[in-house]
> 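Please read through the structure below; I'll follow up with questions.
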Amino acid sequence: MSWDISIQRFSRQYASVSEIPNDEKGENLGPRLSVHRAVSAVFPDTDWSDAAWGVWESEFGSIEFNVGKDPATGMMLHVRAGPQVIPGIVRLCLDNGWQGLDCSSGEFIEQATKPQEGLAAWVAYRDQVIGKKP
């Protein structure tokens, strides 16, 4: 199980998912190697031994970066880490003109007033599913 963030680049910045028109196609994030560099600038030592799937590990947990094909049409982050990683995810989006849809909250994480709430909701859900008591 992971907390998931879908990273996309659109023709313009949207404040919410409901603003995205049905004909919005989205734009490539860029060549896969440039996406690797962007991720590694924020999350150093990301392991890119599989060019389509980077793995970053730290004392706070891990993030898997599913980049897919070249050029990268989008990226999925599979987060298994604490709230310490959230500022980095927000920075990754802002620095690159990307938008990160928090799959738990339905909000763009780089625009959320409390981006940690999506992770907190996911942790509560995970703990309920696995039967872990608070």
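All values derive from a computational prediction rather than experimental measurement. The figures here come from the full heavy-atom set of this structure, side chains too, leaving out hydrogens, waters and symmetry mates.
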> State, with a plain yes or no, whether a side-chain heavy atom of Leu101 is found less than 4.5 Å away from one of Phe108.
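Yes - at least one pair of side-chain heavy atoms lies under 4.5 Å apart.
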> Taking the side chain as C-beta and beyond, is there a heavy-atom pair between Phe43 and Ile63 under 4.5 Å?
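They are in contact (side-chain heavy atoms under 4.5 Å apart), so the answer is yes.
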> What pair of heavy atoms forms the shortest contact from Pro83 to Pro87, and how long is it?
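Scanning both residues completely, I find the closest heavy atoms to be O-CD, 3.6 Å.
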> We want to know whether Ser40 and Trp48 form a side-chain donor-acceptor pair, criterion being a heavy-atom distance below 3.5 angstrom.
yes
> If the test is ring pair (Phe, Tyr, Trp, His ring centres under 6.0 Å), which one of Trp3, Trp53, Phe65 qualifies with His78?
Trp53
> If I take atom SG from residue Cys93 and atom CD1 from residue Ile5, how far apart are they, to the nearest 0.5 angstrom?
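Reported to 0.5 Å precision, the distance equals 8.0 Å.
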> Would you tell me whether Ser11 and Glu27 have side-chain atoms, one donor and one acceptor, within less than 3.5 Å of each other?
no
> Do any N or O atoms from the side chain of Asp50 and from the backbone of Ala52 form a donor-acceptor pair under 3.5 angstrom?
yes
> For Val79 and Trp122, what are the C-alpha separation, side-chain angles and deciding distance, and is it a side-chain contact (heavy atoms from CB on, under 4.5 Å)?
CA-CA 10 Å; Val79 181; Trp122 176 80; over 6 Å; no
> Measure across Ala112 and Pro115 and return the closest heavy-atom pair with its distance rounded to 0.1 Å.
O-CD, 3.5 Å
> Is Arg32 reaching over with its side chain to a backbone N or O of Ala72, donor-acceptor style, under 3.5 angstrom?
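Not confirmed, Arg32 side chain does not pair with Ala72 backbone.
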> Side chains of Lys25 and Phe10: does their closest heavy-atom pair fall under 4.5 Å?
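The answer is no; the side chains never approach within 4.5 Å.
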> Would Ile109 end up clustered with Val17 when hydrophobic side chains under 4.5 Å apart are linked, directly or stepwise?
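Ile109 does not cluster with Val17.
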> Linking I/L/V/M/F/W/Y whenever any side-chain heavy atoms sit under 4.5 Å apart, do Met76 and Ile20 land together?
no
> Please tell me whether Val42 and Val39 are part of a single hydrophobic cluster in this structure, the criterion being side-chain heavy atoms less than 4.5 Å apart.
yes
> Locate the shortest heavy-atom distance separating Asn96 from Arg9; write the atom from each residue and the value.
O-NH1, 3.5 Å
> If you take all heavy atoms of Gly118 and Ser104, which pair is closest and at what distance?
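That would be O-CB, 3.8 Å.
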> Any chance you could measure Trp56, atom CH2, to Asp45, atom CG, to the nearest 0.5 Å?
10.0 Å
> Give the intermediate values and the outcome of side-chain contact (heavy atoms from CB on, under 4.5 Å) for residues Leu77 and Ile7.
CA-CA 8 Å; Leu77 278 58; Ile7 305 290; 3.4 Å; yes
> Between Gln13 and Glu110, is a side-chain contact (heavy atoms from CB on, under 4.5 Å) present by the stated rule, with each step listed?
CA-CA 11 Å; Gln13 294 286 308; Glu110 77 283 356; 4.2 Å; yes
> Quiz question: by atom type and distance under 3.5 Å, do the side chains of Gln111 and Tyr14 form a donor-acceptor pair?
no
> Between Ile86 and Leu119, is the side-chain contact (heavy atoms from CB on, under 4.5 Å) condition met? List the steps.
CA-CA 9 Å; Ile86 294 172; Leu119 175 59; 4.0 Å; yes
> What's the shortest heavy-atom distance between Phe60 and Val85, and which atoms?
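Where Phe60 meets Val85 most closely, the heavy atoms are CB-CG1, 4.3 Å.
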> Could you tell me whether the side chain of Pro31 reaches within less than 4.5 Å of the side chain of Asp70, counting heavy atoms only?
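A side-chain contact under 4.5 Å exists here.
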> Once you round to the nearest 0.5 Å, how far does NZ of Lys69 lie from OG1 of Thr73?
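Reported to 0.5 Å precision, the distance equals 9.0 Å.
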> According to a hydrophobic-cluster definition based on side-chain heavy atoms being under 4.5 Å apart (Ile, Leu, Val, Met, Phe, Trp, Tyr only), do Val55 and Leu92 belong together?
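Cluster IDs for Val55 and Leu92 differ.
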> Kindly say whether Ser49 contributes a backbone atom to a donor-acceptor pair with the side chain of Asp47 at under 3.5 angstrom?
yes
> Is the closest side-chain donor-acceptor distance between Glu64 and Ser62 under 3.5 Å?
no
> Do the side chain of Ser105 and the main chain of Glu107 share a donor and acceptor less than 3.5 angstrom apart?
yes
> Contact between Arg12 and Glu19 at the side-chain level, heavy atoms closer than 4.5 Å - yes or no?
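Heavy-atom side-chain distance check passes, below 4.5 Å.
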> If hydrophobic clusters are built from ILVMFWY residues whose side chains come within less than 4.5 Å, do Leu33 and Val35 share one?
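Not linked; separate clusters.
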> Can you tell me how far CD of Gln116 sits from CD of Gln84, rounded to the nearest 0.5 angstrom?
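Between Gln84 CD and Gln116 CD, I get 11.5 Å after rounding to 0.5 Å.
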